[in-house]
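One structure is given here, and the rest of the page talks about it.
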Protein chains: 2
Amino acid sequence: MTAGRTRRPGRGVSMADVARLAGVSSQTVSRVSTGHPSVVESTRRQVLAAMQQLGYRPNSAARALKRGEFRTLGVILFTLATTGNSRTVEAIAAYAASEGYAITLIPVAAPTQDGVLGAFSRLGELAVDGIIVIMEVHLLDAANLSLPPGVQVVVVDSDAGDRYPVVDTDQADGARQAVQHLLDLGHETVWHVTGPAESFASERRTQAWRRTLLEAGRTVPPVRRGDWSADSGYRAGLSLAAEPDCTAVFAANDQMALGVLRALHERGRPVPRDVSVVGFDDIPDSSSFIPPLTTVHQDFAEVGRRCVQGLLRQIRDEPAGPGTVLVPTRLVQRASTAAPRRSPG
Amino acid sequence: MTAGRTRRPGRGVSMADVARLAGVSSQTVSRVSTGHPSVVESTRRQVLAAMQQLGYRPNSAARALKRGEFRTLGVILFTLATTGNSRTVEAIAAYAASEGYAITLIPVAAPTQDGVLGAFSRLGELAVDGIIVIMEVHLLDAANLSLPPGVQVVVVDSDAGDRYPVVDTDQADGARQAVQHLLDLGHETVWHVTGPAESFASERRTQAWRRTLLEAGRTVPPVRRGDWSADSGYRAGLSLAAEPDCTAVFAANDQMALGVLRALHERGRPVPRDVSVVGFDDIPDSSSFIPPLTTVHQDFAEVGRRCVQGLLRQIRDEPAGPGTVLVPTRLVQRASTAAPRRSPG
DNA sequence: CGGCGTGATGTTAACGTAAACATCGGGGTG
DNA sequence: CACCCCGATGTTTACGTTAACATCACGCCG
């Protein structure tokens with residue numbers, strides 16, 4: 001048994017305890033604790049010593065109660081399993097920390113109405129000053145949710161720009177760059193592996209792919225639909241490998257591109273000699289695919305930073321209002337794309 | 001300008017406001033809010049209506065102050081960028097939520113003493129009842145840290161079993177399975193790409209690799225050191241490709257295995273015909289590597305669950321004490337391993 | 001028919017902190 | 001030398017909630 005760490009609730013060391021030991025008032029302890037200037041150096045040292053000795057830890061509940069704010073942001077999302085989400089959350093946490101805010105994670109059990117409802121009902125009880133929603137807003141609508149009043153919101157990966165501030169990667173321009181790159185290399189057209197239908201990001205990429213082809217006067221081949229996973233990309237890739245005309249593929253994310261690469265490899269269609277492949281995201285692994293993947297780089301750190309900035313602006317009553325912030329992308333050229341073997345006639 | 005959402009701090013709707021509107025005392029509102037039984041149905045309905053009308057949201061700071069607990073757990077880690085960390089955090093968040101606890105993320109800016117110190121000084125101010133540390137404890141020691149008193153701790157990925165409760169994947173057994181699998185296939189010995197020296201998980205895997213070889217009476221080839229990234233695996237792989245005797249490689253994680261696969265491919269050493277490769281983690285993409293990777297599956301969900309369980313046990317004063325919980329692994333056989341081309345003489 | 005228990009509701013106080021105001025002492029200025 | 005101002009510190013109070021205790025009405029039992 002470890003030496004009795006008493007842990008009855010409310011048994012913490014309070015300012016009053018520190019004040020008693022240091023022989024000052026608790027207000028002076030408060031001033032030391034918050035770094036108020038008008039405390040004489042000798043007093044400050046005395047108080048700090050007393051804090052150290054007693055193991056004083058400021059009670060943030062009391063602090064929050066007094067200040068009327070929690071200095072905490074909630075992040076509500078379905079999963080951390082996708083590169084984009086985990087990287088975005090990491091950036092959010094880092095930038096929020098630099099602004100003195102902590103991050104509370106609110107996972108949604110399942111991407112269903114019940115799951116979302118559950119998360120939002122828990123939300124009502126949470127100590128947050130604002131919320132960043134990383135998911136499709138139409139799921140919010142479907143669940144007929146009302147966000148807790150008095151809580152500010154910023155949304156990622158959505159088209160809700162008219163109701164909430166939205167921060168997102170410039171999906172459309174990224175997809176355009178990918179397709180244009182393939183066309184510039186001389187490919188007649190570009191085939192596409194799309195993501196799940198309910199994903200806004202996926203839809204945007206697909207729209208931009210189609211528009212870019214149409215504007216260039218090319219035919220628009222039928223899409224293969226995946227679910228972001230490498231496995232689904234593999235299945236799509238098998239189907240594409242069977243299309244003799246297919247010389248260029250734009251996959252809506254790097255993982256599906258990985259699956260496409262494997263399918264083409266297994267079917268004896270060398271990349272990029274026979275078929276060129278472009279992905280989206282630029283996950284760290286993509287430079288080690290076989291061959292290293294040409295892909296659209298997303299700046300997740302910037303997305304996270306902008307989210308927090310926008311949210312803090314709202315919290316501080318600098319009205320930003322609805323509107324969309326688009327974070328630019330850039331094409332990273334590696335070894336998975338090349339000119340087609342025979343120039344189109 | 002949106003219809004004046006007044007947001008002066010402390011301007012929230014309080015129980016007193018609800019009580020006034022409902023024509024009851026605030027204590028009755030409190031009882032309704034906490035689900036206390038002795039409120040008559042008609043009163044309850046009145047109060048609920050008033051809450052709805054005013055958009056009442058309980059102030060969790062006040063609640064926490066009164067109760068002496070926050071119902072929040074802190075998770076301190078370096079990065080969410082590794083599969084293991086993000087999956088573990090996700091599991092922690094999910095299980096904690098099911099127990100009525102929220103998760104606060106505490107990112108460490110950099111894996112340096114300063115970074116860790118910064119995180120822990122912030123920690124002192126955070127509203128958490130317990131902490132899950134996902135990193136090497138010797139980094140804590142190096143930084144000469146004292147954890148805030150009265151806060152319970154559980155550690156992942158560490159050897160601090162004698163000071164804190166530890167939950168971790170059974171690294172040693174996973175590595176043993178990987179090596180044994182290759183030996184069973186008939187390989188004379190197994191080469192190894194290790195992770196960064198400061199990682200406990202990496203060291204454990206390497207130790208087990210060496211021990212398994214020695215116990216089988218095999219020679220122990222020199223290790224290649226990587227940093228978990230696919231790029232570092234690629235560099236290691238180039239070096240291994242130059243070893244004519246090398247027929248089997250155990251990479252300490254899947255990402256480095258990916259790099260090894262690419263290096264071997266580029267150097268014309270087909271996998272698994274020429275060289276067999278085993279990874280560690282079983283990330284979702286590994287089944288789409290070229291070829292699909294044989295690897296050691298980690299149960300991150302279970303790790304997360306056990307962490308929370310252990311921490312809550314401590315918080316609830318059911319002393320568990322230091323000790324290590326090991327979560328088992330299992331080998332997933334795919335297409336990157338096979339018997340060596342010529343049986344060893 | 002009076003007392004008393006029971007269940008519903010109201011009143012009081014306290015959780016730990018920090019803003020606002022009060023006090024106290026010393027040094028500069030007219 | 002008296003006065004005033006300012007910086008350091010102390011005192012009071014309120015933040016919103018809930019445990020503990022107080023009160024009140026009602027109905028049952030002796």
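Because the structure is predicted, anything quoted here is derived from the model rather than measured.
- Distance CD (A:Glu69) to P (C:dA18): 12 Å, rounded to an integer number of Å.
- In this structure, B:Arg305 pairs ionically with B:Glu302, as a charged nitrogen and a carboxylate oxygen lie closer than 4.0 Å.
- Nucleotide D:dC15 holds its C1' atom 6 Å from the NZ atom of A:Lys66, rounded to whole Å.
- A donor atom on one side chain and an acceptor atom on the other are found under 3.5 Å apart for B:Arg63 and B:Ser33.
- The nearest whole Å value for the distance from the CG atom in A:Asn59 to the P atom in D:dG16 is 16 Å.
- For the segment residues 30-50 of chain B, the set of residues with a heavy atom within less than 4.0 Å of an atom of DNA chain C comprises B:Arg31, B:Ser38, B:Val39, B:Val40, B:Thr43, in numerical order.
- For A:Arg63, a side-chain nitrogen or oxygen approaches OP1 or OP2 of C:dA18 to under 4.0 Å.
- In terms of heavy atoms, B:Val308 sits closest to B:Ala96 at CG1-CA, 4.1 Å.
- In this structure, OG on A:Ser26 lies 9.5 Å from CZ on A:Arg31, to the nearest 0.5 angstrom.
- Across every non-hydrogen atom of B:Pro165 and B:Gln314, the tightest pair is CG-NE2, 3.4 Å.
- Separating the CZ atom of B:Arg57 from the P atom of D:dT17 is a distance of 11 Å, rounded to the nearest angstrom.
- Of all the residues in residues 15-28 of chain A, A:Val24, A:Ser25, A:Gln27, A:Thr28 reach under 4.0 Å from DNA chain D with at least one non-hydrogen atom.
- The shortest distance between side-chain heavy atoms of B:Leu21 and B:Tyr56 does not fall below 4.5 Å.
- With values rounded to the nearest 0.5 angstrom, A:Leu126 atom CG is found 12.5 Å from A:Leu73 atom CG.
- A:Ala64 and B:Ala61 make their closest contact through CB-CB, 3.7 Å (heavy atoms, listed as atom of the first residue, atom of the second, distance).
- If you measure from atom CG of A:Leu65 to atom P of C:dA18, you get 11 Å, rounded to the nearest angstrom.
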